[in-house]
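Following: one structure in structure tokens, then a few remarks.
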Amino acid sequence: MRQAFAHVDNWIFDLDDTLYPRSIGLYEQLRRRVVVFIANHMKIDLAAAEAMHLDYYERFGSTLQGMVELHGAAPDEFLDFVHDIDLSALIPNERLIAGLTALPGKRVVFTNASRRHALATLAAIGLSDVFDVVASIEDSGFVGKPHRSAFENLFLQHGIEPAASAMFEDRAGNLVAPRELGMKTVLVVDPILHVDPLNGTQKPDHVDVVVTNLAVFLDQTAIQTGVREERRAACAMRRKLVQ
């Protein structure tokens, strides 16, 4: 495993349901807010709004894009409403913090969420000072994953070489473009919700690795022991100063 990721200089992570487990419950909060926004905007009942949400999520890769392109919804209004949720269930995972801090090279968050939500979530899980780049949906003109253009825009803006990069995601469909672009692809699943990570199906060809514990995986793929220990010590010192 270490050898397979030894070439990686850019470690790119989705945010929601990747850097924390879906079973915490934020996903359900976000889904409910999306459905309510659609119902209010379209003046339809919640059942019809739920069906529209699922349809647009599959067709466009995000409900936001469908609502903007087909119904003229204002992106900022949608994002502000949907991300008005309770983050109190989030807590720092010290092992994950150490593992991310130890990664050699550039650490990136790449999310379809708003910048405000991304920064608030990272703060809640103790990762505000860990990432070199936080790329939100605003940075890609509100066209996000799984669209290839969103990835290409990320690479261009931040000088990232796809062949020296790895993408971590909780949604397999969002790993198709990264694999086509030459990235290593890691599907992160919640073992509480997915006893079998792929529901009994064969691992998709475009997914290199399926992991159920991101912190453990990062420990297993640690490449530069000296860098890892130095960064862990620096991380511990920063956290001690904050406390």
State, yes or no, whether a side-chain contact exists between [X] and [Y] at a heavy-atom distance under 4.5 Å.
| X | Y | value |
| --- | --- | --- |
| Gln65 | Tyr56 | no |
| Met183 | Leu175 | no |
| Ile24 | Leu90 | yes |
| Phe5 | Val186 | yes |
| Phe168 | Val211 | no |
| Phe142 | Leu64 | yes |
| Leu214 | Leu19 | yes |
| Ile125 | Pro92 | no |

ask   = Any donor and acceptor pair, going by atom type alone, linking the side chain of His71 with main-chain N or O of Met67 inside 3.5 Å?
value = no
ask   = Quick one: does Asp190's side chain have a donor or acceptor within less than 3.5 Å of a partner on Ser23's backbone?
value = yes
Which pairs pass salt bridge (Lys or Arg N to Asp or Glu O under 4.0 Å) with one or both residues in [range], sequence neighbours excluded?
| range | value |
| --- | --- |
| residues 156-176 | Arg22-Asp170, Lys145-Glu169 |
| residues 133-144 | Arg115-Asp139 |
| residues 44-53 | Arg31-Glu50 |

Do you know the tightest heavy-atom contact between [X] and [Y]?
| X | Y | answer |
| --- | --- | --- |
| Ser136 | Ser114 | CB-C, 3.8 Å |
| Asp86 | Leu26 | O-CD1, 4.0 Å |
| Ala118 | Val134 | CB-CG1, 4.0 Å |
| Ala172 | Leu187 | N-CD1, 3.6 Å |
| Ala123 | Ser128 | CA-OG, 3.1 Å |
| Asn112 | Ile137 | O-CB, 3.4 Å |

Rounded to the nearest 0.5 Å, what's the gap from [atom1] on [X] to [atom2] on [Y]? Could you check?
| X | Y | atom1 | atom2 | value |
| --- | --- | --- | --- | --- |
| Arg95 | Leu100 | CZ | CG | 12.5 Å |
| Leu79 | Asp84 | CG | CG | 12.5 Å |
| Ile160 | Leu181 | CD1 | CG | 12.0 Å |
| Thr221 | Lys184 | OG1 | NZ | 11.0 Å |
| His53 | Glu58 | NE2 | CD | 9.5 Å |

ask   = Does the side-chain contact (heavy atoms from CB on, under 4.5 Å) test come out yes or no for Leu154 and Ile12, once each step is laid out?
value = CA-CA 10 Å; Leu154 175 74; Ile12 305 173; 4.1 Å; yes
Please say yes or no: joined through hydrophobic side-chain contacts below 4.5 Å, possibly via intermediate residues, are [X] and [Y] part of one cluster?
| X | Y | result |
| --- | --- | --- |
| Ile44 | Leu54 | no |
| Leu87 | Leu127 | yes |
| Tyr57 | Val68 | no |
| Val216 | Ile97 | no |

ask   = Among all residues two or more places apart in sequence or in another chain, which pass the side chain to side chain contact (heavy atoms under 4.5 Å, CB included) test with Val176?
value = Glu180, His206
How about [X] and [Y]: does a side-chain donor come under 3.5 Å of a side-chain acceptor?
| X | Y | answer |
| --- | --- | --- |
| Asp208 | Thr185 | yes |
| Asn153 | Ser140 | no |
| His117 | Asp16 | yes |

request  = Apply the test side-chain contact (heavy atoms from CB on, under 4.5 Å) to residues Leu122 and Val109: give CA-CA distance (whole Å), side-chain angles for both, the deciding distance (0.1 Å), then the verdict.
outcome  = CA-CA 9 Å; Leu122 290 172; Val109 166; 4.1 Å; yes
inquiry  = If the condition is side-chain hydrogen bond (donor to acceptor under 3.5 Å, both in side chains), which residues does Arg59 pass it with, not counting sequence neighbours?
reply    = Asp55
inquiry  = Over 60° means perpendicular and under 30° means parallel, so tell me whether Phe151 and Phe110 are parallel, tilted or perpendicular.
reply    = perpendicular
task = Would you indicate whether Ile91, at its atom CD1, is surrounded by more than 12 heavy atoms from other residues, nucleotides or ligands within a distance under 6.0 Å?
result = no
inquiry  = Are there over 12 heavy-atom neighbours, none belonging to Arg179, within less than 6.0 Å of that residue's CZ?
reply    = yes
query = What do the steps show when you test Arg107 against Asn10 for side-chain contact (heavy atoms from CB on, under 4.5 Å), and what is the final call?
reply = CA-CA 6 Å; Arg107 297 176 295 275; Asn10 307 291; over 6 Å; no
task = Applying salt bridge (charged side-chain N to carboxylate O under 4.0 Å, His left out), run through Asp9 and Lys106 and close with a yes or a no.
result = CA-CA 6 Å; Asp9 291 324; Lys106 185 179 292 184; over 6 Å; no
ask   = Given Leu30 and Ile85, is the side-chain contact (heavy atoms from CB on, under 4.5 Å) satisfied, shown in steps?
value = CA-CA 7 Å; Leu30 291 165; Ile85 61 172; 3.7 Å; yes
message = Tell me which pairs pass ring pair (Phe, Tyr, Trp, His ring centres under 6.0 Å) where either residue lies in residues 30-50, with sequence neighbours left out.
response = Phe37-His41, Phe37-Phe78, Phe37-Phe81
request  = Examine Tyr20 together with Tyr27 and report whether their ring centres are nearer than 6.0 Å.
outcome  = no
